[in-house]
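Notes to accompany the following structure.
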Amino acid sequence: MKSPWSTYVQDTKLNSTEREELRARLLAYMEYHPYRVLVPKQVSLMERMLQRVIVARTFAATGMAVLVAIISTPFLAESANPGDLLYAVKTRITEPLQGVTLSTPKEKIEFEMKLLDKRILETKLLVETGTLSVAAEEDLSENIKRHSDEIQKNIEEIATTNTEEAIYAKADLAAELTKTNDIVTAIVSEQSAPSLKKAMEEVKGVAVESATTAATSSQKQVLGHVERELSRAYELRASLEGKLTEEEVGEVARRFGRIEVLLREETMSSTTEASTTSVVMSVEGASIQSSTATTTPSHTPDDILTRIKTLITYLSNTALRQSMPKEEVVIEIAPITATSTSEMLQGTTEASTTLEKATP
Amino acid sequence: MSLLDLDIPSGSHNEDAFLAAFDEYNDALFRHALFRLSDRERAIELVHDTYIQAWSYVCKGVTISSYKSFLYKILNNRIIDEYRKKKSVSLDAMIDGDESDERYMTELHDHSHEALINSIDARRALEYLQDIPQQYREAVVLRYIDGLSPKEIAELIETTENVVSLRIHRGLKALKKILETKQ
């Protein structure tokens, strides 16, 4: 609806000069503040996106570089030698990782033994190339000790479940370290390498001592058992007195005689070992002896125990006595010691008598 | 729909549309400012400031659906600021009593706007427009000089149509009284 005042107000307006001036000012403002420049929200959004992409790329590249470094370092470290920067990566990360899947102590011991051999090869390589530095020597000494400790630890773990196996493992380790010590000594014979030699002597000494202690302890246990079983056998023979045939009496006497001979032999061997502190160990069929070792006894306490048990079975079972073939008589000559010559002579005479009786 | 549409910029508003709005509304805005302020120079300045502010909004990406409403809104706010600067009259004091619907209905029952406006000499009324309270003058100028409907005025000054009609009515009555006094 048209206002009744419109007629009078239409003339109220800007004059052309005012309007042009106003328009010019406005255009000048618009020129300095153009629409295109001030719309740049989309452009800035794009820039932000680009920046994000750049940041993401940087992160991705850094991550990739770290990943590559993590993956490649162990491979590079594999060829590192003692004294190198990456040698610690090899011995502290790569090698333990290789053994992480091993579960039983026996497997772990084998693994550590292999690593020990590896250290020897590294020593040999460094000596051959003339690059056995003090740092390398320290690295080797430290790792040899560590492998030895690991093996000892696993042997102790075995000992909690199987004492006998632990004794053998200790003997193996002592033999291995004795051999390794000899090899290392030979390798570095022309070098000073004091810390390496000292470390080898230390680990060898610990292993040998541990093995000796275990062996002695084991032998004492078996001998105690032998003593008990032998008393039992004598009691059994006494209870059968008058019930056995003449032939059976002879057979029993012969068996007792042989056991006693073996026992004397074993006792004498133990005494000699104790007096000379020799260590005798059997490693993979080969016999390694220390310089002061004496002859190896042909019968172990286990063997004697078996014979006593067989005798007890023979005495307690009539049917067996009758069917059992007579044991072949072997003349045993026990080693003679200065302190027990007369006793030995008596034992030999007894054995001969038994032989005469047993032989048809 | 609101007078101001503050949507995200679509890019449809350009310089040509803005300059067309200048060409179309510069006289109306100037007239409104002049009858509100009774100062020609100041009215021109406020019109200039109004367009500058509108352009700033355009550049910020505000989508303007109606330049007329948008420009009037900016100008009206500028004029209110102008009154506040002068502080000659308290804005609250300008409100003449109750603006409730009951009062309004009673007043409108006595005289309609048409009857009142026809009883007033337009030429003389324009001379004395500055003598009535600011809020009545705002409503009367918007209604009879700018030709906006009560609904458009209500949206512009953010009140109800009834309040707008009451202010127009009271403004006309005040103007008539002044004219009668002057005679």
Side-chain angles (χ1 to χ4, degrees), chain A residues 1-70, chain B residues 8-11 13-19 21-23 26-35 40-41 43-45 47-61 113-114 116-127 129 140-149 172:
Chain A
M1 190 182 74
K2 197 175 180 181
S3 164
W5 293 1
S6 58
T7 314
Y8 303 101
V9 298
Q10 287 305 313
D11 295 335
T12 309
K13 57 184 179 184
L14 292 167
N15 61 40
S16 59
T17 311
E18 288 168 339
R19 186 177 299 106
E20 287 307 314
E21 191 183 334
L22 190 59
R23 188 184 172 90
R25 287 169 66 189
L26 202 55
L27 284 170
Y29 182 85
M30 289 166 71
E31 195 176 343
Y32 280 103
H33 302 83
Y35 181 73
R36 284 184 201 87
V37 176
L38 295 174
V39 181
K41 279 194 173 178
Q42 283 187 348
V43 177
S44 70
L45 182 68
M46 289 290 288
E47 282 175 359
R48 280 203 300 274
M49 285 176 72
L50 277 171
Q51 282 172 354
R52 283 180 189 176
V53 168
I54 290 166
V55 169
R57 278 184 182 174
T58 309
F59 270 110
T62 310
M64 190 62 79
V66 170
L67 196 66
V68 167
I70 289 170
Chain B
I8 300 299
S10 63
H13 304 289
N14 52 30
E15 293 174 7
D16 291 339
F18 181 77
L19 290 174
F22 173 79
D23 292 336
N26 70 77
D27 279 336
L29 293 175
F30 167 71
R31 198 178 297 125
H32 176 85
L34 182 62
F35 281 108
R40 189 177 182 88
E41 293 304 317
I44 291 170
E45 282 305 308
V47 170
H48 170 262
D49 293 349
T50 299
Y51 277 106
I52 292 294
Q53 193 173 346
W55 178 246
S56 299
Y57 277 114
V58 171
C59 290
K60 282 176 185 171
H113 288 179
E114 284 74 24
L116 261 175
I117 194 75
N118 289 329
S119 65
I120 294 170
D121 179 359
R123 193 187 300 272
R124 289 188 66 217
L126 291 172
E127 287 175 25
L129 198 55
V140 170
V141 169
L142 286 168
R143 178 73 187 89
Y144 295 109
I145 293 175
D146 299 315
L148 301 181
S149 69
L172 290 176

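Within every chain, numbering begins at 1; the chains are lettered A, B, ... in the order of the sequence lines, protein sequences first and strands thereafter.
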Review point. Heavy-atom distance under 4.5 Å to chain A: side chain of Leu126(B), backbone, both or neither?
Key: side chain

Donor-acceptor pairs under 3.5 angstrom involving side-chain atoms of residues 55-70 of chain A: please list them, not counting sequence neighbours.
from     : atom 1 : to       : atom 2 : distance (Å)
Thr58(A) : OG1    : Ile54(A) : O      : 2.7
Thr62(A) : OG1    : Thr58(A) : O      : 2.7

Check your understanding: What do the steps show when you test Val58(B) against Glu15(B) for side-chain contact (heavy atoms from CB on, under 4.5 Å), and what is the final call?
Key -> CA-CA 9 Å; Val58(B) 171; Glu15(B) 293 174 7; over 6 Å; no

Study note, to complete from the structure: Across all chains, not counting sequence neighbours, the side chain to side chain contact (heavy atoms under 4.5 Å, CB included) partners of Ala43(B) are Phe30(B), Ala33(B), Leu34(B)

Check your understanding: In residues 9-22 of chain A, which residues are in contact with chain B at a heavy-atom separation under 4.5 Å?
Key -> Val9(A), Gln10(A), Thr12(A), Lys13(A), Leu14(A), Asn15(A), Glu18(A), Arg19(A), Leu22(A)

Check your understanding: Angle class for the Trp55(B)/Phe18(B) ring planes (parallel below 30°, perpendicular above 60°, tilted otherwise)?
Key -> tilted

Practice item. Look at the aromatic rings of Tyr51(B) and Phe22(B) and report parallel, tilted or perpendicular, splitting at 30° and 60°. Key: perpendicular

Revision key, fill the gap. Applying side chain to side chain donor-acceptor pair (under 3.5 Å) to Gln53(B) and not counting sequence neighbours gives Arg78(B)

Check your understanding: Of the listed residues (Asp146(B), Ile44(B), Asp23(B), Ile52(B)), which shares the most heavy-atom pairs with chain A below a 4.5 Å separation?
Key -> Ile52(B)

Exercise for review: Determine, step by step, whether Val140(B) and Trp5(A) satisfy the side-chain contact (heavy atoms from CB on, under 4.5 Å) criterion, reporting the C-alpha distance in whole Å, the side-chain angles of both residues, the deciding distance to 0.1 Å, and the verdict.
Suggested key: CA-CA 11 Å; Val140(B) 170; Trp5(A) 293 1; 3.6 Å; yes

